[in-house]
Amino acid sequence: MNPIEFSQRVLDWFDIHGRKQLPWKENPTPYRVWVSEIMLQQTQVTTVIPYYERFMARFPDIRVLADAELDEVLQLWAGLGYYARARHLHQAARILCARAENQLPLDMAVLQELPGIGRSTAGAILALASGQRQPILDGNVKRLLARFAAVEGWPGQSRVQATLWELAERYTPNARVADYTQAVMDLGAMICKPHQPCCEACPLIEHCAAYAQGRQVDLPTPKPRRELPVRTTQMLLLRAENGAVLLERRPPIGLWGGLWSFPECPMNADAATWCQERLGLMVMVGPPWEVIRHSFSHFHLDITPVPVTVTGYSQAVMEGERFIWHRDRHAVIGGMATPIHRLLVRRLKSAPDTQQLTIDL
DNA sequence: AAGTCGGGGAT
DNA sequence: ATCCCAGACTT
């Protein structure tokens, strides 16, 4: 879609629905916009407003700020978090006043040399307070553009971010940059929200790639979760001569609490020995099946299913609260986690492994 | 490229 | 609980 139409649609929407009551929008001098932009970094508008009012009442211009003690600045910042923002703001004010400039440099490169001002904040100050055609790329715009152009990948990734900057640059108009800049942020905050975006109310709906693919909720790509730990276990698919399979009820607390499962034996343990000692069963152990990975929110569980045939017993495994011999594939028993149920069905259908073992032996 | 800084709002 | 917020800076 051509940039003119993009910005036109965004501006038309802004003229009707945009936020225009924000404190920093009245008399948007570079200093007032600067302070607002710093406060708004990683902080929501409604949180910032009271802080901004107090701050501007005490430090109405850059010189007052530079003359103040850092402690007092931090005091007015207390509760906002990210206190390096306040230190940088104060430090930058002092730098400028020491240069006898007493005002923000309205130049992209020079602006970014000041502490606390990166590319996006510099762009916002210049676009909002001096009408320069400079793109911004805050969280709102990232989300909006990632969806609009269906940009794949987590925006924290440098390559993805570069793509988004390119898009931001492309769509930033020459005329009405200040309104446009406010408009894209409003659109991101009010319509193209992280969860439950209001696509029906979006002026870009007809040209939104994510919407066309029905992937609004999947974009932007969420931050990759850190590698989950892997736990391993053997599950013993014990079968008696009559075809019944042994199930064990899991402890009421913990993973799959109270559900039926297979007897579990640690990976480093020998299954035959374990059966003898823990179950009192003489068994033949078949070749393990392929590992099944079951994923939870906080770890992966790698299950090694081990087919085992009972050949005799020294003391019978009692049926009751804890163990049952299950033989009818269609019989309804208590709750069973999905991967366990699938394993059970496979085991009941599998050919007796005694033959296989006999051949091997 | 990944980690750090933070309190608060929304779901 | 988890995610996210008008990001920038350091390692």
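First the proteins, then the strands, lettered A, B, ... as listed; each starts at 1.
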* Does A/Trp24 have any ring pair (Phe, Tyr, Trp, His ring centres under 6.0 Å) partners at least two apart in sequence or in another chain, and if so, which? -> A/Tyr52
* Structure fact -> Residues at least two apart in sequence or cross-chain that pass ring pair (Phe, Tyr, Trp, His ring centres under 6.0 Å) with A/Tyr51, listed by chain then number, are none
* To do: Scan A/Val245, A/Leu236, A/Val306 and name whichever one has a side-chain contact (heavy atoms from CB on, under 4.5 Å) with A/Phe262.
  => A/Val245
* To do: Can you sort out which residues in residues 78-90 of chain A have a heavy atom within less than 4.0 Å of DNA chain C? Ascending by number, please.
  => A/Tyr82, A/His88
* Asked: Just checking A/Pro222: base, sugar-phosphate only, or nothing, at a heavy-atom cut-off of under 4.0 Å?
  -> nothing
* Test ring pair (Phe, Tyr, Trp, His ring centres under 6.0 Å) applied to A/Trp256 - qualifying residues, sequence neighbours left out -> A/His294, A/Phe296
* Please write out which residues are connected to A/Ile205 in a hydrophobic cluster, directly or through intermediates, given that two of Ile, Leu, Val, Met, Phe, Trp, Tyr count as joined at side-chain heavy-atom separations below 4.5 angstrom. => A/Tyr211
* Structure fact -> To the nearest angstrom, the CD-P distance between A/Glu37 and C/dC5 comes to 15 Å
* Structure fact -> Whole-Å distance, A/Gln41 CD to B/dG6 C1', equals 13 Å
* **Whole-Å distance separating the CD atom of A/Gln91 from the P atom of C/dA8** => 16 Å
Polar atom pairs between nucleotides 9-11 of chain B and protein, under 3.5 Å, N or O only, would you list them?
{"residue": "B/dG9", "atom": "O4'", "partner": "A/Gln44", "partner atom": "OE1", "Å": "3.3"}

* Pick base, sugar-phosphate or nothing for A/Ile117, based on heavy-atom distances below 4.0 Å to the nucleic acid. => sugar-phosphate
* Salt bridge present between A/Arg133 and A/Glu169 (N-O < 4.0 angstrom) -> yes
* **First encountered from the 5' end of DNA chain C, between A/Leu40 and A/Gln112** => A/Leu40
* A/Thr43 near the nucleic acid: base, sugar-phosphate alone, or nothing, with a heavy-atom cut-off under 4.0 Å? -> base
* **Transitive ILVMFWY cluster of A/Leu219, excluding itself - 4.5 Å side-chain cut-off** => none
* Asked: A/Arg119 has an atom CZ; how far is it from atom P of C/dG7, in whole Å?
  -> 15 Å
* Asked: Which pairs pass ring pair (Phe, Tyr, Trp, His ring centres under 6.0 Å) with one or both residues in residues 141-163 of chain A, sequence neighbours excluded?
  -> A/Phe6-A/Phe148, A/Phe148-A/Tyr171
* With sequence neighbours left out, what residues match A/Trp289 under ring pair (Phe, Tyr, Trp, His ring centres under 6.0 Å)? -> none
* To do: Determine: side-chain N/O of A/Ser36 to OP1/OP2 of C/dA6, distance under 4.0 Å, yes or no.
  => no
* To do: Figure out the CG/P separation between A/Leu128 and C/dA6, and round it to whole Å.
  => 14 Å
* Between A/Trp154 and A/Tyr51, just flag the one whose closest nucleotide in DNA chain B comes earlier from the 5' side. => A/Trp154
* Could you give the distance separating C/dA6 and B/dT11 at their P atoms, to the nearest angstrom? => 14 Å
* **Spacing between A/Ile125 atom CD1 and C/dG7 atom P, to the nearest angstrom** => 13 Å
* Structure fact -> In whole angstroms, the gap separating C1' of C/dA6 from CE of A/Met39 amounts to 13 Å
* Structure fact -> Scanning both residues in full, the closest heavy-atom pair of A/Met56 with A/Tyr31 reads CE-CE2, 3.3 Å
* Asked: Rounded to the Å, how far apart are A/Asp138 CG and C/dG7 C1'?
  -> 9 Å
* Residues two or more places apart in sequence or in another chain: which of them pass side chain to side chain donor-acceptor pair (under 3.5 Å) with A/Gln234? -> none
* Taking the side chain as every heavy atom from C-beta outward, state whether A/Cys275 and A/Val310 have any atom pair closer than 4.5 Å. => no
* Under a 4.0 Å heavy-atom cut-off, which of residues 168-191 of chain A touch DNA chain C? -> A/Gln182, A/Met185
* Asked: So what does A/Val45 hit on the nucleic acid, given a heavy-atom distance under 4.0 Å: a base, only sugar-phosphate, or nothing?
  -> base
* Asked: What nucleotide, of C/dA6, B/dG6, C/dC5, holds the atom closest to the side chain of A/Arg143?
  -> C/dC5
Let me check something: any side-chain donor-acceptor pairs from residues 107-114 of chain A under 3.5 Å, sequence neighbours excluded? List them with distances.
{"residue": "A/Asp107", "atom": "OD1", "partner": "A/Ala109", "partner atom": "N", "Å": "3.0"}
{"residue": "A/Asp107", "atom": "OD1", "partner": "A/Val110", "partner atom": "N", "Å": "3.0"}
{"residue": "A/Gln112", "atom": "NE2", "partner": "A/Met108", "partner atom": "O", "Å": "3.4"}

* Which whole number of Å gives the distance between the P atom of B/dG6 and that of C/dT11? -> 15 Å
* Asked: Want to settle it: does A/Lys223 or A/Gln157 sit nearer the 5' end of DNA chain B, counting the closest nucleotide to each?
  -> A/Gln157
